[in-house]
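If you read the sequence from its start, that first residue is 1, and numbering goes on from there. Just so you know, ligand 1 is whichever comes first in the structure, and atom 1 is the first atom listed for that ligand. Keep in mind the model is a prediction, meaning the values are calculated, not measured.
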Amino acid sequence: MAMIHGWSLPRTRREEPPLFSKSQVISVLEQVGILLQLVGANPFRIRAYENAARTLSGHESDLWSEIEAGTLTDIKGVGKGIAGLISEALSEGTWGDLESLYERVPRGLIEMLGVPGLGPKRIKQFYDELGIESVAELQSAAEEGALASLPRMGKKMEEKIIEGINLLARFTGRRRLDIGLMYGEAFESRVATISGVQRAQLAGSARRRKESIGDLDVVAAVNLEDAQDVMEALISIPGVAEVKGAGDSKVSLILESTLFDHHAPSTTLDGSVLSALGGDAWEELEANSTIDAQVRLVPPHVFAYTMAYFTGSKEHNVRMRQRALDLGLRLNEFGLFPVDAAGDSKGYEAAKEHGLPASEESDIYTHLGMKWVPPELREDTGEIEAAMSDNLPDLIEPAQVNGALHNHTTASDGTATLEEMAEAAMNLNWQFLGIADHSEALNIGGRSIGIPNEEVAEQGEEIRVLNEKWVDSGVDFRLLHGSECDILADGKLDYPENVRRNLSHVVGSVHALGSWRNRDEIENTEMLIRAIEDPTFTILGHPTGRIIGGRDGFPVDMHAVLRRMGELNQEGALKACEINASPYRLDLDWRLCKYAKTQGVPIVINPDAHAPQGLSDVWFGVQIARKGWLESNDILNCLTGAEIEQRMIEGRS
Ligand code: DGT
Ligand code: CA
Ligand code: ZN
């Protein structure tokens, strides 16, 4: 998959030949093959580059020794011209006349290569016949229906292109938290091990655990005399695809997936989410994706201040600066200075001379008469006041989780049996696991994937037998037999009432999103409340149905919904709201958690696991709960196994 960032001729970072690596050479040959197609070059010439790239990828010997031995042209598929080019590149660092080819092709055509399903042949066709030179122009042409009538095109093809453009547009923006952290943490530990780096830490939105990440920010403590060497080591970290800009103390990079030894996804994905994202094309985009990173090198005595500044948020920083001013102090990324201190309060020297010392972030907050604020809370949603009056919440920790209530098995669309899911839960030291397979109404592609009415009791019996076995053998673990019951468009719950009554808990979820998204907020809110009021309803599953980077949720007044849930809890019913912990969802949004808490709505963090390893997604849910100010008391997962059983029974009577 072609990504726009790599589309330039590489410049060497080495002093002596060979000035480029074999993989750099192969990548140039591949790109030239594509560029030549875009300019409509002679097919033989195109094939020569394609063949050479392919041959060299499968060829084990070292290019430089072949050049020195004069045997490059002995390799079948490498002609005289290309052999000359390679040897010029490796010995002199230049690429013949390729520079002009790269310049000749409009950037927009290269950008179009990023649209899934679009290759150079078609791009050339659109360019020649309609003068299309950019993704934006391609989009309007497709929307006007101008592509369909071209030779070898058609309506279907045109629709695919529109889909591809939408996919690309969503993708080139922000990245999900799990992806951001996977890159961020790997990069942070690479930077930390560079010799001369005393400390390195991830800052920015990743540290604040936002649900999506624009770019990564890393701060490294480095003595000034080591800065040059550290900078050089930094840009040679494998996985640095491109250096976008570098100064003395700051460098902007693009990271790619070669940063990881093993590129294991940190989460699992169920089919319906994947199809909402764009299916295989999405997976391919993600596998070849990149992320931007900014690294700042600062001397150790400034590190804590720079970390605090680049952790943000901007809104939190503004309030912090105001707080400092109120105390007669000036706060910036270098330090905290008396307002009347003479001279420039920007330099590192000034920080040493006039600044208040801080070796940790907590020192900064202490100077300002505040408690240290956990990064998740730094969004200016009340944390400044709370930190000043020593009223910060005691945020939930992952280790406090004893179980979760919404998980799938092979009885619906999961990949594992009851026993396998239970075993995975016990391996996490959990005391309970709620099973909530889909109900009968759920259709995917015209096929029901839920458990039919008449088979629900069967699953209940299997669970009863397993629970008895654990009781008999003195194991403190139980499965809770729930269901993820579809909330139908009219606000009714799936399954007859007597089926629902026999369950431990009902996770009510909207799945047939179409009708909800085409309806207005008032009606959706009413229907959702109607479902929640059903006496058998216990937990609101993925409340809005949003997929991060995929689709918005349906319109609904979540404040009104949470308010009503709060009233019902007041009356003694159990009506909990899920934080769906899949990093694709993180729904309930953290911005609403505090409100849910003030209304007295219990929260459940649910991995919505479709496989044993999916249970560990709970970690992401905990991060979001923390961001939403929640403490262990607010969260049903922190009850013991015995307590949760009791709570489910009480909530129903
Ligand atoms: P992102 O990258 O969009 O996911 O979000 P952040 O929060 O990582 O934002 P970013 O990368 O633009 O900047 C990192 C932090 O640096 C930001 O959270 C706060 C701080 N910062 C950046 N620009 C400003 C600014 O103009 N004023 C203040 N007070 N702080 C700033
Ligand atoms: Ca950032
Ligand atoms: Zn669901």
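- Using a 4.5 Å cut-off on side-chain heavy atoms (C-beta onward), Val456 and His481 make contact.
- Note on Asp217: its N/O/S atom closest to the Ca ion (ligand 2) is OD2.
- Side-chain N or O atoms of Lys575 include none that pairs as donor or acceptor with a backbone N or O of Leu568 at under 3.5 Å.
- Side chain of Arg208 to backbone of Thr311: a donor-acceptor contact under 3.5 angstrom is found.
- A donor-acceptor pair under 3.5 Å is absent between the side-chain atoms of Arg174 and the main chain of Asp215, judged by distance alone.
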With side-chain contact (heavy atoms from CB on, under 4.5 Å) as the criterion, how do Met370 and Glu383 come out once you've worked through the C-alpha distance, each side chain's angles and the decisive distance to 0.1 Å?
CA-CA 10 Å; Met370 300 163 78; Glu383 77 281 8; over 6 Å; no
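- Arg519 forms no cation-pi arrangement with Phe554, by the criterion of a distance under 6.0 Å to the ring centre and an angle within 45° of the ring axis.
- Using cut-offs of 30° and 60° for the angle between ring planes, the His301 and Tyr348 rings count as perpendicular.
- Protein N/O/S atoms found under 2.8 Å from the Zn ion (ligand 3), listed by chain and residue number: Glu484 OE2, His511 NE2, His542 NE2.
- For Glu484 and Ser509, the side-chain atoms include at least one donor-acceptor pair closer than 3.5 Å.
- Contact residues of ligand 1 (protein heavy atom closer than 4.0 angstrom to a ligand atom; sorted by chain and number): Arg174, Gly204, Ser205, Arg208, Ile213, Gly214, Asp215, Asp217, Tyr309, Phe310, Thr311, Gly312, Ser313, Lys314, Asn317, Arg321.
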Walk me through it: do Val251 and Ile235 pass the test side-chain contact (heavy atoms from CB on, under 4.5 Å)?
CA-CA 9 Å; Val251 58; Ile235 61 179; 4.1 Å; yes
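- Using modelled atom types, no side-chain atom of Glu185 and backbone atom of Met182 make a donor-acceptor pair closer than 3.5 Å.
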